[in-house]
Protein chains: 2
Amino acid sequence: MKVSREKAAEHREALVTAASRLFREQGIDGVGVADISKAAGLTHGALYAQFESKQALAAEALSQGLRRAEVPMKKAADEGGLGACLDFYLSPRQRDNLAGGCAMAASASEIARQDVSISTEFAGGFERMAAIIEATLKRELPQKSRRQRAISITASLIGAVAASRAVAKSDPRFANEIIAAARHALERLGGER
Amino acid sequence: MKVSREKAAEHREALVTAASRLFREQGIDGVGVADISKAAGLTHGALYAQFESKQALAAEALSQGLRRAEVPMKKAADEGGLGACLDFYLSPRQRDNLAGGCAMAASASEIARQDVSISTEFAGGFERMAAIIEATLKRELPQKSRRQRAISITASLIGAVAASRAVAKSDPRFANEIIAAARHALERLGGER
DNA sequence: TGTACATCAGTGAACGCGCGTTCACTGATGTAC
DNA sequence: TGTACATCAGTGAACGCGCGTTCACTGATGTAC
């Protein structure tokens with residue numbers, strides 16, 4: 001049956017949100033359209049009324065997931081600078097929170113195998129995250145050097161969280177050592193001339 | 001038909017090698033047992049004569065992939081120290097070489113969703129890679145600090161290559177900027193007191 | 001404001017397909033005599 | 001060294017299952033008069 005424009009928009013949003021969470025938890029290949037529709041309280045047919053394909057939904061889900069992850073990072077940056085960003089991103093809490101965590105760390109190595117639209121979303125998210133980091137770096141540094149460091153710190157954050165998650169199942173202590181080591185090293189990297 | 005012990009061992013090896021390459025190229029979930037068997041010149045039945053399950057093969061494939069990736073890294077470390085390691089690992093060539101490249105960067109974010117045996121293999125590979133890096137760091141640094149930096153550098157390498165690969169499809173210039181930025185930053189990190 | 005009707009979001013059965021795994025069978029290997 | 005036979009690596013058909021996607025249909029929405 002038809003549904004009001006308003007309700008339809010809500011349903012679309014629910015699909016994107018469910019997909020975003022499930023993709024982070026189980027990977028894009030690991031989740032089916034049936035799982036997503038069910039989590040959103042709809043049938044898979046409704047999904048195809050809203051999106052052309054699973055890939056199209058994935059691109060929108062990644063976009064939403066990236067933008068959500070930027071909010072607490074921006075807040076940390078504004079309130080406590082680089083140190084607060086590192087504390088937030090490299091905390092065991094954020095590491096263990098696949099469902100709500102950063103989509104870049106959750107999907108980094110999968111993105112390369114998806115459609116170009118997914119790559120574009122990732123690139124945008126990475127760029128925006130690097131800009132947030134860059135704003136926390138010392139003003140004395142040349143602009144070029146600040147951008148370089150911000151990009152490097154962003155990539156390191158992703159690597160540290162992904163690696164920490166990868167070893168967490170077999171060696172939780174090592175998992176914590178990895179994020180703690182990154183915490184120390186990146187503070188140095190951001191702080192020095 | 002039965003086959004000599006020697007031939008059987010060769011077949012096992014061929015399955016592991018094919019799986020290792022295909023998993024890196026297309027992800028563990030993205031490759032079927034039929035693809036792997038075919039690439040090794042066998043049928044899927046032969047795969048199940050050698051391995052208990054796809055996961056068991058995946059663990060052995062990851063192990064082999066990690067050990068192979070360590071060889072050129074160790075060589076670079078011995079010949080040119082940290083700088084040569086960074087040049088090798090962060091080169092566009094290594095970034096574009098999914099089939100032959102490092103299994104950690106290729107699978108980082110997927111590992112967290114696999115069996116614990118896969119996590120164990122990853123942890124071992126990460127530890128050995130960090131040890132290679134650690135050996136290139138200045139002897140004057142306290143041992144604790146060297147280990148910390150080596151772990152951080154290893155995580156950063158993985159993140160930089162994974163991120164570079166993720167954006168390569170949509171923005172090749174940005175992809176190169178990421179590995180170049182990491183190259184600079186990690187040299188600093190390794191070189192300073 | 002009230003009525004007639006076109007629109008279209010959502011349902012659920014059905015599609016072909018490839019997945020991981022099992023198993024009866026084959027026949028060369030390698031062992032026991 | 002030669003023969004008889006148990007072993008078992010490898011084959012290929014078959015298993016149930018879930019995948020992404022399509023489509024005829026439903027019926028409330030929202031528009032035209």
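Lettering follows sequence order; numbering is per chain, from 1.
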Applying the 3.5 Å cut-off to both distances, the Watson-Crick or G-U partner of C:dC25 turns out to be D:dG10
Kindly work out whether a path of hydrophobic side-chain contacts (I/L/V/M/F/W/Y, heavy atoms less than 4.5 Å apart) joins B:M104 to B:I151. yes
Once you round it to whole Å, what is the distance between P of C:dA9 and CD of A:E10? 15 Å
For atom CG of A:D115 and atom P of D:dG20, their distance in whole Å: 14 Å
Flag side-chain contact, heavy atom, 4.5 Å: A:I28 against A:Q114: yes
Heavy atoms, side chains only, cut-off 4.5 Å: are A:R146 and A:R139 in contact? yes
Sugar-phosphate only, base, or nothing, as touched by B:G45 at under 4.0 Å among non-hydrogen atoms: base
Per nearest nucleotide of DNA chain C, the residue lying toward the 5' end, B:Y48 or B:S4, is B:Y48
Send over the distance from B:L57 CG to C:dT21 C1', rounded to a whole Å. 14 Å
Side chain of B:K2: nearest nucleotide among D:dT29, C:dG27, C:dC19? C:dG27
Between D:dT21 atom C1' and A:Q50 atom CD, what is the distance in whole Å? 16 Å
Measuring to OP1 and OP2 of C:dG20, would you say a side-chain N or O of B:K54 lies under 4.0 angstrom away? yes
Between A:R5 and D:dA28, does any side-chain N or O lie under 4.0 Å from OP1 or OP2? no
Starting at NZ of B:K7 and ending at P of C:dG30, how long is that distance when rounded to a whole Å? 12 Å
Take B:Q55 and B:V3, find for each the nucleotide of DNA chain C with the closest heavy atom, and name the residue whose nucleotide sits nearer the 5' end. B:Q55
Per atom distances to the A:H44 side chain, the nearest of C:dA14, C:dG20, D:dA28 is C:dA14
Considering every strand and a 4.0 Å limit on heavy-atom distances, what is the contact class for B:A8: base, sugar-phosphate, or nothing? sugar-phosphate
Classify B:D29 by what it touches in the nucleic acid, base, sugar-phosphate, or nothing, heavy-atom distance under 4.0 Å. nothing
Nucleotide opposite D:dC17 in a Watson-Crick or G-U pair, distances under 3.5 Å: C:dG18
Rounded to whole Å, please give me the gap between CD in B:Q26 and C1' in C:dG18. 14 Å
What's the CG-C1' distance between A:D35 and D:dC17, to the nearest Å? 13 Å
Separation of atom CG in B:L47 from atom P in C:dC19, rounded to whole Å: 13 Å
Distance-only donor-acceptor check, side chains A:S109 and B:S109, under 3.5 Å: yes
Both distances below 3.5 Å, Watson-Crick or wobble geometry, any strand: find the nucleotide opposite D:dT31. C:dA4
Cation-pi, B:F88 ring and B:R93 (6.0 angstrom, 45 degrees): no
